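Working notes for the structure below.
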Amino acid sequence: MTAPLFSGRARRSVAALGAVSAGLLLLSACDKPTPLATVTVGTSSVSAEAACHSDKEPLSMDKVQECVTDIKDAKTIQYGRGDTLRLGVEPDVVEDGKRWSAILDGQPITEPSSNTYRSFPGADVFATGGQGEAPASKKLAILQIAEDGKPLAVWSFNLELK
């Protein structure tokens, strides 16, 4: 009769160590998620990861334009005239001298900021200035800007008029 090389306890320990190692290997192969940007209107909020981003190089202006205008999977939030619009980004977005700015239908509505939160109480983002009927929706983008002023990421949202 031969004796086992490892006891039952040792085999379980080796199996557990192997499972942990395999799990860590799988996790290291995953892409790191981008920080979230959040849009809040009243008590409703939507958050999203960046629609476009680059870990290595700044985005080209063509890519930024495409990300701002060709939004396919953008989160949508209802907005009523006079509601308070709140925009927020995670701290990772503004670390190391980076800033962010909000763009509504292709036009900047904020100066680049290193704060993680902006609030626009009573803003009427659907105002037309007497230029006809208001659109049913608008595209809102949050643009991350590097210290040198080059775009790094774009988060995209849709505002729908209630």
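Just so it is clear, the model here is predicted, and its values are computed rather than measured.
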Given the rule that I, L, V, M, F, W and Y join up when any side-chain heavy atoms are under 4.5 Å apart, are L85 and V93 in one cluster? yes
Joint cluster assignment, Y117 & L36, ILVMFWY side-chain distance < 4.5 Å: no
Quick one: are T110 and R118 in side-chain contact, heavy atoms under 4.5 Å? yes
Give me each pair satisfying disulfide (SG to SG under 2.5 Å) with a member in residues 90-127, each pair once, sequence neighbours excluded. none
Note: A146 and R99 closest approach over all heavy atoms is O-NH2, 4.0 Å
Heavy-atom check, side chain of S137 versus side chain of E160, under 4.5 Å: yes
Between K139 and D105, is there a side-chain N and carboxylate O pair less than 4.0 Å apart? no
Are the side chain of W155 and the backbone of S47 linked by a donor-acceptor contact shorter than 3.5 Å? no
Search all heavy atoms of S45 against all heavy atoms of T40 and return the closest pair with its distance. OG-OG1, 2.7 Å
Evaluate the criterion side chain to side chain contact (heavy atoms under 4.5 Å, CB included) for residue pair I145 and W100; output intermediate values, then yes/no. CA-CA 6 Å; I145 304 163; W100 67 277; over 6 Å; no
Under 4.5 Å between side-chain heavy atoms, counting indirect links through other Ile/Leu/Val/Met/Phe/Trp/Tyr residues: same cluster for V89 and V39 or not? yes
Could you tell me if the side chain of D92 sits less than 4.5 Å from the side chain of E95, heavy atoms only? yes
For V94 and S113, work out which heavy atoms get closest and say how close. CG1-O, 4.0 Å
Rounded to the nearest 0.5 Å, what separates atom OG in S119 from atom CZ in R86? 5.0 Å
I'd like to know if D83 pairs up with K162 as an ion pair, taking the criterion as any Lys NZ or Arg NE/NH1/NH2 lying under 4.0 Å from an Asp or Glu carboxylate oxygen. yes
Can you check side chain to side chain contact (heavy atoms under 4.5 Å, CB included) on K63 and C52, steps first, answer last? CA-CA 8 Å; K63 184 67 174 172; C52 301; 4.0 Å; yes
Going by heavy atoms in the side chains, are R81 and V125 under 4.5 Å from each other? no
Could you please spell out the steps behind the side chain to side chain contact (heavy atoms under 4.5 Å, CB included) verdict for L159 and I77? CA-CA 5 Å; L159 296 177; I77 191 164; 3.4 Å; yes
Side chain to side chain contact (heavy atoms under 4.5 Å, CB included), that's the test. Do V64 and L143 meet it? Break it down for me. CA-CA 9 Å; V64 170; L143 179 67; 4.1 Å; yes
Can you name the nearest heavy-atom pair linking T84 to G122, along with the distance? OG1-N, 3.7 Å
Closest approach of A141 to V68 (non-hydrogen atoms, all atoms of both residues): CB-CG2, 4.0 Å
Taking side chain as C-beta onward, heavy atoms only, is F157 less than 4.5 Å from T76? no
Do E147 side-chain atoms and K98 backbone N/O form a donor-acceptor pair below 3.5 Å? no
Any link between L104 and F120 through a network of hydrophobic side chains (Ile, Leu, Val, Met, Phe, Trp, Tyr) touching at under 4.5 Å? yes
Interatomic spacing from OG in S156 to CD in E49 - rounded to 0.5 Å: 13.0 Å
Identify the heavy atoms of F126 and P135 that sit nearest to each other, and give their distance. CD2-O, 3.4 Å
Can you tell me how far apart CG (L59) and CD (E66) are? Round to the nearest 0.5 Å. 10.5 Å
In this structure, CD of Q78 is separated from CG of N158 (nearest 0.5 Å) by 10.5 Å
